[in-house]
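Notes to accompany the following structure.
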Amino acid sequence: MQGDDDRPLGWWQTRWFVAAMALAAIVPLLWQTIPPLVDYPGHVGRYRILDEAGTPPLAAHWAVHWSLIGNLGVDLLVLALHPLLDVEPAARLIVTLIPPLTVLAMLWIAREAHGRLPASAGLALPLAFGFPFQLGFINFCLAQAMALAGLALWLRLARTRPAAWRIALFAPIAAVTWLAHSFGWAMLGLFVLAAEWQLARADGLGVWRAGRHAALFCLPMALPLAARLAGGQRAGDTGDWFNLLAKAQWVVSLLRDHWQWWDLAGVALIACTLWAAIRSPRLRFVPVLGVPALAGIAAFLCLPRLADGGAYVDMRMLPASVALALLAVEVRPDSDRLERRLALTASAFVAARTVATTLSFLLYAQDQAMVLRALPSLPQGSGTLVLVDQPGAPWSPSRLAHIAGIATARRRVFTNEQWAIPGQQPIRPLHPSAAPLDRDPSQLVYPEDASYRTTDLDAAIARFDRCTFSRVWTIGFPVGRVSAPDLRPIWADPRSAVYAVRAPLPDACRAAVHRDRPAT
């Protein structure tokens, strides 16, 4: 088998290597019923609400208002699979496939840019499990895989088809990517714009002419932006610009998972490789990937932390941009020994990260399974106030922040952990008397000195709506930590406790229902 330059392929450039890398990306998620990602359980709870919209008991707790939202990728796929699979196995299947799809998209990009897989390609692949995936941003991660695959397709069409193909195909591709997640669509547009600019420069156009050329080619991809502006719906806050301390934290968190020393060692290896590619005469960057990587890193530096209610927007840009930079590295001809050593190092890196991620996911899954033993204590269709102890800023983020979403999925329970940001999710809680303890992030109890603290444990226990919630579920607090005359512990283990709420007077609840009923 020969590459495009007629040199014999190395072992890291064969089809079996590609297959092995894709399979390795599945391994960490094979052993758990619930993928141990921070936000994942909350998403599963929403899938149950969407699937049973209008059906008791969930219809008494949430309203579903469908509209065009750039945050529906996995939601729509789960609902499409529901005739064959229930929401939990469907969600698990889709999320398990996101890392291998991301890996295949990365390898496709490298193949299109180099004509063969570069020896450095393996170093980029663990970024499929980067911090956005660990946090459970699964709609975004699906859209990120689509954006990377879209860039690969753009490069292939630029090499093999007339320009009209790119213009015609990428209008619908961009729209579908936006539907999966709006920031994945923005990533696709940025990467393609930068790649097309570099292609135009390679054809001899000047800097500004190349920019106009690239902008015109990418203009059809802006259709979702027009729809967004026409809708006029504001999703949430935008802010926290140029927070350099936070951006430095995101850089060292590229591979953040469980063991800080191990994750930092991986980041150091990536940084050393990129520095060597800058300094060594035996290495170089392929511009058609290097320019999109630089554009992505510039966007990371310029973007705010919050945009339209979405959090960590700048951080989401970084792993894909660093992956492109690694995929852009190639060994110059006549350095075969260095190429083999780099390929071996990259493959060992993939293997080591796969083993470590598998072990960390098993540990996280054990914690989740222990806490979920509380579910039989939550009556079907009831209301449960959830309060989760959240340490300040540990390296290993808790995988319990949205674990109550599984209670919604399995017990049809109303909890206060679901997101309900206009323009971001199609669901709204129907218990205004419980506000502000009726939605995320009211379930999270941060340390008293945390600037982002919104919920005080004792204040929440004193004030929560007894007509909405018949149970209180504390996670991470010892049994007995909360106390009120009308609370009685009914289940506990070392990590969590469930309290039954003495039934309030019927007249008080009838008055609350009348107060909450919208005027006609």
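Being a predicted model, the structure only gives us computed values, none of them experimental.
The nearest pair of heavy atoms linking Met146 to Ala180 is SD-CB, 3.8 Å. Between Ser360 and His258 the shortest heavy-atom distance is CB-CB, 3.5 Å. Considering every non-hydrogen atom in both Phe191 and Gly296, the closest pair reads CE2-CA, 4.1 Å. The minimum heavy-atom distance between Ala299 and Met317, with the atom names listed, is CB-CG, 4.1 Å. Ile98 approaches Ile138 most closely through the heavy-atom pair CD1-O, 3.7 Å. What you find for Ala105 and Ala152 is that their closest heavy atoms are O-CB, 4.5 Å.
Taking 4.5 Å as the limit, some side-chain heavy atom of Trp197 sits within range of a side-chain heavy atom of Val207. In this structure the side chain of Ile475 reaches within 4.5 angstrom of the side chain of Val386, judged on heavy atoms. Considering only heavy atoms from C-beta on, Val322 stays 4.5 Å or farther from Pro319 through its side chain. Residues Val44 and Glu88 have side chains in contact (heavy-atom distance under 4.5 Å, counting atoms from C-beta outward). Thr384 places none of its side-chain heavy atoms less than 4.5 Å from the side chain of Phe414. A heavy-atom distance below 4.5 Å is not found between the side chains of Ser398 and Val38. With contacts defined as side-chain heavy-atom distances shorter than 4.5 Å, the pair Trp154/Phe217 qualifies. Side-chain contact between Trp185 and Leu225: present, with at least one pair of heavy atoms (C-beta onward) separated by less than 4.5 Å.
Between Arg48 and Asp86 there is a salt bridge, with a side-chain nitrogen of the basic residue lying less than 4.0 Å from a carboxylate oxygen of the acidic one. Electrostatic pairing of Asp367 and Arg399 does not count as a salt bridge here, judged by no charged N lying under 4.0 Å from a carboxylate O.
Between the CD atom of Glu112 and the CG atom of Leu289 there is a distance of 10.0 Å, given to the nearest 0.5 Å. A distance of 10.0 Å separates CG in Leu193 from NE2 in His213, rounded to the nearest 0.5 Å. Rounded to the nearest 0.5 Å, atoms NE2 (His181) and CE (Met187) are 10.0 Å apart. Distance check, rounded to the nearest 0.5 Å: CG of Leu327 to CG of Leu123 gives 9.5 Å. Distance check, rounded to the nearest 0.5 Å: NE2 of His61 to CD of Gln418 gives 12.5 Å. Atom CD of residue Gln425 and atom CD1 of residue Ile49 lie 10.5 Å apart, to the nearest 0.5 angstrom.
Other residues, nucleotides and ligands place more than 12 heavy atoms under 6.0 Å from the CH2 atom of Trp66.
Residues Asn416 and Asp438 bring no donor and acceptor atom of their side chains to less than 3.5 Å of each other. A donor and an acceptor atom, one from each side chain of Asp263 and Trp395, are located under 3.5 Å apart.
Between Trp250 and Tyr312, the angle of the ring planes goes over 60°, which puts this pair in the perpendicular group of the 30/60° scheme. Using bins of under 30°, 30° to 60° and over 60° for the plane-to-plane angle, the ring pair Tyr47/His43 lands in the parallel bin.
Judged by distance alone, with hydrogens and angles left aside, the side-chain atoms of Arg161 form no donor-acceptor pair with the main-chain N or O of Trp165 at under 3.5 Å. Judged by distance alone, with hydrogens and angles left aside, the side-chain atoms of Gln32 form a donor-acceptor pair with the main-chain N or O of Pro28 at under 3.5 Å. Of the possible polar contacts, one joining the Gln13 side chain to the Leu117 backbone as a donor-acceptor pair under 3.5 Å is found. Remark: side-chain polar atoms of Arg353 are paired, donor with acceptor, to backbone N or O of Leu255 under 3.5 angstrom. With hydrogens and angles disregarded, a donor-acceptor distance shorter than 3.5 Å links the side chain of Arg92 to the backbone of Leu30. In this structure, Ser182 contributes its side chain and Trp178 its backbone to no donor-acceptor pair below 3.5 Å. The backbone N or O of Leu205 lies less than 3.5 Å from a partner atom in the side chain of Arg201, making a donor-acceptor pair. Between the side chain of Ser120 and the backbone N or O of Val329, at least one donor-acceptor pair lies under 3.5 Å. Judged purely by atom type and a 3.5 angstrom limit, Asp314 has no side-chain atom pairing as donor or acceptor with the backbone of Phe300. Distance alone, capped at 3.5 Å, places no donor-acceptor pair between the Thr454 side chain and the Ser442 backbone.
With Phe140 as the aromatic partner, Arg316 meets the cation-pi criteria of under 6.0 angstrom to the ring centre and within 45 degrees of the ring axis. Relative to the ring axis of Trp419, Arg439 does not place its NZ or CZ within 45° and under 6.0 Å from the centre. Under the 6.0 Å distance and 45° angle rule, Arg453 does not count as a cation-pi partner of Tyr446.
Taking the centre of each ring, Trp31 and Phe361 stay at or above the 6.0 Å mark. The aromatic ring centroids of His431 and Trp62 lie 6.0 Å or more from each other.
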How far apart are the C-alpha atoms of Ile94 and Leu81, what are their side-chain angles, what is the distance that settles it, and do they pass the side chain to side chain contact (heavy atoms under 4.5 Å, CB included) test?
CA-CA 10 Å; Ile94 294 164; Leu81 286 175; 3.8 Å; yes
Quick one: do Gln390 and Val445 satisfy side chain to side chain contact (heavy atoms under 4.5 Å, CB included)? Show the steps, please.
CA-CA 6 Å; Gln390 285 288 99; Val445 181; over 6 Å; no
Go through it in stages, so that I can follow the logic: the residues are Arg428 and His65, the test is side chain to side chain contact (heavy atoms under 4.5 Å, CB included), and I'd like the CA-CA distance, side-chain angles, deciding distance and then a yes or no.
CA-CA 8 Å; Arg428 300 290 175 271; His65 300 287; 4.1 Å; yes
Given side chain to side chain contact (heavy atoms under 4.5 Å, CB included), test Leu294 with Leu324 step by step and report yes or no.
CA-CA 9 Å; Leu294 287 175; Leu324 289 183; over 6 Å; no
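The salt bridge (charged side-chain N to carboxylate O under 4.0 Å, His left out) test with Arg46 singles out one residue from Asp440, Asp51, Asp75, and that residue is Asp75.
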